[in-house]
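Reading through the structure tokens given below for one structure.
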Amino acid sequence: ETHDQILSITPTTPEQVGIVKNISTQYETALWQPVDAQYIQEETQVHLFVPANSSATVKALLQRHNIAHEVLLDNTNHLIEMQTRNDSTDPR
Amino acid sequence: STTSFYEQYHSLEDIYYWINRTAQDNPNTIQTILLGSSFEKRPLYALKISLNSENKKALWIDCGIHAREWISPAFCLWFVQYSLAFYKQNQDITDILDNMDVYILPVMNPDGYLYTWTTNRMWRKSRSIHPSSYCVGVDLNRNFDANWCTEGASNDPCSEIYCGAFPESEPESEAVANFLRSKKDTIELYLSIHAYSQMLLFPYSCTLDEAQNHNELLEMAQDASRNIRRYYRNTYKYGAGAQTIYLAPGGSDDWAYNLGIKYSFTFELQDRGRYGFLLPPSHISQACNEALLAVKTIARRVIDKT
């Protein structure tokens, strides 16, 4: 992957919860939802920011353990560019 | 230029400029109040919008307690602009400003906000350093004195939900708490603006117990959610924080409630998770209008009750 991504991950067993907790505390990821690994539970969506250089490893881990996941945002870099672009008028 | 100033996100420098400029341009309406300074010694400015008579009851709104939640400061700017532009044009905001002063803190965590613009877009906490750890920052919404650092917070400085060394250990939370303590007899309604997931939350988050006026708060949030649904497709969920999401002790809304501000809410703005903290500028308008509708609904009900 060449872009940072947001993954939506849904663990369904206690073992999968444990694996997602481990992933979220490694690989320079950032939890969006829930805010901390202690809140991760079965059947609840986890939104995880994954930097491009960790993406392949994280996805391979999820696939190896049959953990359901999808790409929520494919190109966060582009969205950050949009957010920081300044083409507005003066507040007056 | 294709978009307005208020449909863009802004750097901390631009927000400070906007605060000064807004106060200068509206000297009879807006006053700048210096609440204190951040860990890195940046000023914490609140704006006071005050029209007509003195000694009114007041509404407090804080934004940007979590650094990466950019829609939150955007809402505070939006609210001020809307108040100035639509007073005497829109009945709701006119009634609110005729009956309440409004205190608005656009960026409660300026150090963190700057850090998200310059270094790490995903940063959430403050930027304080701790002698015993290499990790930086405290979750300011775990740092207030409401069942501080119990289940749902962490005493690990490396955690995203680190509660700090002691309640109000952070200059940002201490400054806000001191100001609210000094105004507790006039502030009737406390609002803290967050992102994301579209929820209207109220005490308690620090315990599963219900607040003394739980049903009243529930009805107000329900009414606000119903009003949002009338105009927008998105529906806001609502409820007590701990029951609706999870236990989260040390939050500002619980603390304000325990201080005596009986109408205390935390709003989680757009979206439901598609964009999260990276909500595109084109969505700012709807996100702010939804939240504005909730503020107006709840503020009018508070005015009717007090």
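Excluded from the calculations below are hydrogen atoms, water molecules and symmetry mates; all remaining heavy atoms, backbone and side chain alike, are included. Each chain gets a letter, A, B and so on, in the order the sequences are listed, and its residues count up from 1.
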Using non-hydrogen atoms only, which part of [X] is less than 4.5 Å away from chain A: side chain, backbone, both, or neither?
X        : value
B:Leu247 : backbone
B:Tyr275 : both
B:Arg274 : backbone
B:Asp14  : side chain
B:Ala153 : backbone
B:Trp117 : side chain

>> Does any part of the side chain of B:Trp70, heavy atoms only, come nearer than 4.5 Å to the side chain of A:Thr84, both counted from C-beta?
In response: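 In contact.
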
> Just wondering, more than 12 heavy atoms not from B:Lys48 lying within 6.0 Å of its NZ?
Replying inline: yes

> Where does the angle between the aromatic ring planes of A:Trp32 and B:Tyr196 fall among parallel (under 30°), tilted (30 to 60°) and perpendicular (over 60°)?
Replying inline: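 Because their plane-to-plane angle is over 60°, the rings of A:Trp32 and B:Tyr196 count as perpendicular.
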
> So among A:Asn75, A:Thr76, A:Asn77, which one has a side chain to side chain contact (heavy atoms under 4.5 Å, CB included) with B:Leu278?
Replying inline: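 It is A:Thr76; the other options fail the test.
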
>> So does B:Gly152 get a backbone contact from the side chain of A:Tyr39, meaning a donor-acceptor N/O pair under 3.5 Å?
In response: yes

> With B:Ser192, which residues qualify under side chain to side chain donor-acceptor pair (under 3.5 Å), at least two apart?
Replying inline: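 Listed in chain order: B:Asp62, B:His194.
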
>> I need the residue from B:Ser282, B:Gly273, B:Pro280 with the largest number of non-hydrogen atom pairs under 4.5 Å to chain A.
In response: B:Gly273

> Can A:Val35 and B:Arg142 be said to form a side-chain contact (heavy atoms from CB on, under 4.5 Å), step by step?
Replying inline: CA-CA 12 Å; A:Val35 66; B:Arg142 298 289 191 285; 4.0 Å; yes

>> Tell me every residue that passes side-chain contact (heavy atoms from CB on, under 4.5 Å) with A:Ser54, counting only those two or more places apart in sequence or in another chain.
In response: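 side-chain contact (heavy atoms from CB on, under 4.5 Å) check on A:Ser54 returns A:Tyr27, A:Val50, A:Pro51, A:Val58.
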
>> Distance check, rounded to the nearest 0.5 Å: A:Gln38 atom CD versus B:Glu151 atom CD?
In response: 7.5 Å

